[in-house]
Amino acid sequence: MRRWTTRAVVVLAVLLIAVVLLAWGVLRASLPKLDGELALAGLREPVTVERDGQGVPTLTGDDRLDLARATGFLHAQDRFFQMDLLRRAAAGELAGLVGAAALPLDRKVAPEQLRAVATRGLADAQPPIRALLEAYAEGVNAGLGELGARPFEYWMLRTEPQLWQAQDSLLVALSMFMDLTDRTARKERDDAVLRRVLGDEAAAFLAPQGGPWDAPLLGEPLPAPVVPSAAQWTASVGESLAAVTPLEPLRGSNNWAVSGRLTPHGGAIVADDMHLGLGLPNIWYRVRLHLRGASGFDITGVTLPGLPAIIAGSNGHIAWGFTNSYGDYSDIVTLAPEQIETLRLELPVQGGEPEVLTVRTSAFGPVHHDPLLGDYAVQWTAREPGGLNLNLLLMEQVQSVDEAIAVAHRAGIPPQNMMIAGADGRIAWTIAGRIPVRRGFSGDRPALRTDAIGWDGWLPDDAVPRIVAPDSGRLWTANARTVSGEALARVGNGGYALGARAGQIRDDLFARDAHDEASMHDIVLDDRALFLERWRRLMLAQLPDGDAAGALLREEGMRASVDDAGYPLVRAFHNAVTDRVWTALTAPVREAVPDAPVRRSHQFEHALWALIEQRPAHLLPAGVADWDALLSEVARQVIDSAKADGPLAEQTWGEANRAEIEHPLAGFLPSWLGRHLKAPAVPQAGDRDMPRVARPGFGASERFAVSPGHEAAGYFTMPGGQSGHPLSPWFLAGFQDWAEGRRAPFLPGTTEHQLILTP
């Protein structure tokens with residue numbers, strides 16, 4: 001018996017080893033070929049693919065369609081699962097890949113019918129752009145087919161990848177619209193509910209247009225909002241709730257530029273760091289495209305897998321980057337019953353039967369219902385004819401700032417603050433993307449559609465705000481209000497950010513008479529907590545002499561650095577006061593719409609500080625004696641809560657703010673295996689309202705600064721490598737540079753691998 005037991009153990013061990021080796025072999029087989037030659041159908045001429053030590057490719061060819069085909073080939077080999085998720089997320093087809101767990105997401109997105117929008121966008125595309133998308137799709141499918149095994153994610157999900165279609169690239173673009181624009185017009189809805197429940201004066205106070213923190217490019221900061229009198233504030237004020245609900249991070253970015261007269265080499269510099277949710281692989285894929293010949297180009301930057309375009313970078317003539325503009329690009333359309341119809345949608349489910357979803361829809365899109373506003377739809381730029389296109393592809397060949405602005409105004413992208421640096425030393429800012437023209441209404445509140453009220457095409461080029469060659473030689477944006485007056489009325493307020501971050505960048509730019517790429521990087525890493533400084537002083541004022549927390553806050557709390565133990569206390573104090581005052585003032589709103597609470601305005605800080613300064617008794621949350629008592633109580637609660645977790649001096653910001661960056665399937669694996677799909681949980685300096693934006697799963701998806709014509713002096717980092725494959729040496733290549741705030745070269749380095757793609 002013992003002999004058979006021993007033999008069984010040996011057999012099982014051999015089988016286990018065989019299974020492990022087989023799995024390892026399958027994993028290895030899905031890695032791309034890096035050297036030698038490969039035939040790529042459809043090529044007109046050979047394309048050389050040179051990869052540096054971090055896997056960043058330089059593609060050199062004689063034909064633009066060949067480069068598009070080769071780009072698709074590389075995207076598929078390194079990132080196909082990421083591309084698949086993006087197209088499916090926009091189409092509402094995630095459950096068809098990952099199973100029924102994704103149905104809640106698909107139910108929200110599928111009624112938008114964005115696959116039909118993408119199909120129309122492809123049909124309407126300029127012939128040269130359509131040809132690029134078709135060549136790219138052919139390259140994607142060839143790259144997928146050339147792998148020795150399907151990407152590992154499909155083995156985990158027990159399914160096969162579906163071929164790429166040209167219109168899928170438009171779906172990828174629409175996925176960015178979904179991230180960066182408000183397809184539900186949530187701000188407009190929330191403002192309308194505030195007005196309906198609390199009245200116009202109270203609503204305008206709680207959600208002001210701006211205030212002293214503003215740092216616009218055009219115009220001045222707005223004054224602090226006026227505190228409503230007791231006669232103007234007729235609603236009740238609720239109790240001060242203790243629950244803290246953090247502000248949702250804005251999908252945004254920082255960018256800024258300095259003109260050539262401020263730089264040692266005479267070239268204008270643009271700096272850009274786009275803030276997005278962070279994962280593995282990183283959203284961006286680095287590439288350099290070189291087209292031989294007199295009319296060729298040499299362009300370096302980041303692509304979005306699924307698209308053949310350089311999204312941001314430099315072509316030697318201009319360099320450009322983006323931040324989200326947060327203008328008003330969606331409007332609530334109130335509906336009559338006869339404008340509503342029902343639609344049956346079939347949602348595919350991997351491993352199960354399709355789900356049939358019955359939804360209400362209208363000529364303006366899916367129907368929403370609000371207990372106060374009734375039935376409504378949302379008119380959204382992405383669904384409008386001409387709102388979606390890939391004209392941004394034309395940016396790769398422009399040779400001047402003025403040409404770049406013209407392309408930007410015709411690009412069908414989520415409207416962005418575009419920062420441009422020219423080889424001639426000039427800099428410029430404008431909004432890239434389509435801005436709707438409103439006829440008969442302002443767009444800031446729900447409205448019917450009639451012959452006299454509606455959208456009337458797109459804002460013409462000469463009406464889109466811009467600044468070219470400013471006298472100061474400096475420009476900056478950070479998702480906050482950029483314009484004033486009539487220009488603001490045209491762009492609108494879609495929920496832009498508080499201006500604290502933009503103002504800190506502006507002040508950093510003006511703190512020096514000259515700049516170079518190194519000083520650009522210094523601004524990127526600025527983690528001074530200037531926005532919270534007055535809150536640090538306010539918290540200190542609540543603490544008695546000799547208090548240990550007070551001693552700590554007198555020395556720390558002025559930076560969101562990894563070793564600062566005061567900053568978490570100040571941050572918690574600010575958030576707790578904010579939450580308690582907001583929940584008290586909006587208590588009647590929660591009673592009126594308990595299932596659809598109003599989100600806090602990002603401009604509420606202006607109103608809150610006016611209350612802190614003036615301390616009106618009629619707006620004091622119920623249950624506390626006075627404003628001093630409220631502030632002292634919150635300060636004590638924050639400190640006591642922190643002490644319960646250990647010594648205050650040991651609770652540094654770095655411990656609370658560790659990177660959480662992982663592959664979307666990491667959580668479905670045992671921890672010992674899933675850790676191979678995660679980046680190290682390193683402490684991160686920075687926070688929301690300062691240039692260095694960093695939260696555990698959110699932050700700078702890339703950081704670069706570059707001057708066109710001086711690319712070798714530029715820097716680039718991102719929080720993940722080129723490959724989405726955990727066995728690739730480039731899965732996390734570059735992560736440490738990003739995490740530790742080091743500058744790495746903008747251009748690809750010395751060639752370590754060379755692959756020739758042949759016809």
Side-chain angles (χ1 to χ4, degrees), residues 19-20 22-32 54-55 75-89 93-106 147 149-161 175 179 249 251 275-285 304-306 350-351 655-684 694-702 717-739:
V19 169
V20 170
L22 178 62
W24 182 266
V26 169
L27 264 178
R28 297 288 304 174
S30 60
L31 287 168
Q54 292 196 334
H75 280 173
Q77 296 220 313
D78 287 336
R79 300 284 194 90
F80 186 81
F81 184 71
Q82 175 190 12
M83 300 162 57
D84 201 2
L85 288 182
L86 289 173
R87 66 173 171 177
R88 288 174 178 272
E93 299 170 357
L94 281 172
L97 176 64
V98 303
L103 279 173
L105 294 174
D106 288 349
L147 294 173
R150 63 185 185 265
F152 77 93
E153 295 95 343
Y154 297 92
W155 289 98
M156 288 181 61
L157 297 170
R158 293 176 294 176
T159 187
E160 295 283 342
S175 74
D179 264 358
R251 296 290 195 252
H275 307 147
L276 295 165
L278 304 180
L280 292 176
N282 186 46
I283 187 169
W284 307 116
Y285 184 92
L304 176 62
Q350 197 274 325
E655 287 302 308
N657 197 37
R658 289 181 172 273
E660 296 176 2
I661 305 174
E662 61 184 44
H663 189 283
L665 297 184
F668 295 93
L669 294 171
S671 58
W672 62 270
L673 193 55
R675 63 186 177 86
H676 296 290
L677 294 178
K678 299 180 180 182
V682 295
Q684 287 292 290
R695 296 296 291 126
F698 181 85
S701 61
E702 49 74 31
T717 58
M718 68 182 192
Q722 288 291 100
S723 176
H725 199 302
L727 296 187
S728 169
W730 305 317
F731 184 59
L732 285 173
F735 171 80
Q736 286 302 128
D737 288 333
W738 175 88

Please work out which of the three classes, parallel, tilted or perpendicular, describes the rings of Phe80 and Tyr154, given edges at 30° and 60°. tilted
What is the minimum heavy-atom distance between His75 and Gly306, and which atoms define it? ND1-N, 3.8 Å
Distance-minimising heavy-atom pair for Pro719 and Leu280: O-CD2, 4.0 Å
Qualifying residues under side-chain contact (heavy atoms from CB on, under 4.5 Å), relative to Ala101, sequence neighbours excluded: none
Without placing hydrogens or testing angles, list every side-chain donor-acceptor pair under 3.5 Å for residues 660-681, not counting sequence neighbours.
{"from": "His663", "atom 1": "ND1", "to": "Leu665", "atom 2": "N", "distance (Å)": "3.0"}
{"from": "His663", "atom 1": "NE2", "to": "Glu153", "atom 2": "OE2", "distance (Å)": "2.8"}
{"from": "Arg675", "atom 1": "NE", "to": "Trp672", "atom 2": "O", "distance (Å)": "3.3"}

Residues forming a salt bridge (charged side-chain N to carboxylate O under 4.0 Å, His left out) with Asp84, sequence neighbours excluded: Arg87, Arg88
Using the salt bridge (Lys or Arg N to Asp or Glu O under 4.0 Å) rule, collect all pairs that involve residues 721-739, keeping only residues at least two apart or in two chains. Asp737-Arg742
If you take all heavy atoms of Pro305 and Tyr285, which pair is closest and at what distance? CG-CB, 3.9 Å
Checking Gln82 now: which residues fulfil side chain to side chain donor-acceptor pair (under 3.5 Å) with it, not counting sequence neighbours? Arg79
Side chains of Phe152 and Pro726 in contact at under 4.5 Å (non-hydrogen atoms): yes
Once you round to the nearest 0.5 Å, how far does CZ of Arg695 lie from CG of Leu278? 11.5 Å
Closest non-hydrogen atoms of Ala95 and Ala102, given as atom of the first, atom of the second and distance, are N-CB, 3.7 Å
With sequence neighbours left out, the residues meeting side chain to side chain donor-acceptor pair (under 3.5 Å) with Asn282 are none
Listed by chain and number, what are the side-chain contact (heavy atoms from CB on, under 4.5 Å) partners of Ala89, not counting sequence neighbours? Leu94
Find out whether Phe81 and Leu157 are in side-chain contact, i.e. whether some heavy atom of one side chain is under 4.5 Å from a heavy atom of the other. yes
Could you measure the distance from the NE2 atom of His275 to the CZ atom of Phe698? Nearest 0.5 Å is fine. 7.0 Å
Apply side chain to side chain donor-acceptor pair (under 3.5 Å) to Ser701 and list each qualifying residue two or more places apart in sequence or on a separate chain. Trp284
Just how far is it from atom CE of Met718 to atom CD of Gln54, taken to the nearest 0.5 Å? 8.5 Å
Can you sort out the partners of Gln684 under side chain to side chain donor-acceptor pair (under 3.5 Å), two or more places apart, ordered by chain and number? none
Exercise: identify the closest heavy-atom pair between Leu727 and Arg28: CD1-CD, 3.7 Å
Once rounded to the nearest 0.5 Å, what's the spacing between atom CG of Leu85 and atom OG of Ser175? 10.5 Å
Name all residues meeting the ring-ring contact (aromatic ring centres under 6.0 Å, His included) criterion together with Trp730; count only those two or more places apart in sequence or in a different chain, and write none if there are none. His753
Between atom CG of Asp78 and atom CE of Met83, what is the distance when rounded to the nearest 0.5 Å? 11.0 Å
Please give me the minimum heavy-atom distance between Ala149 and Trp155, naming the atom from each residue. CB-NE1, 4.2 Å
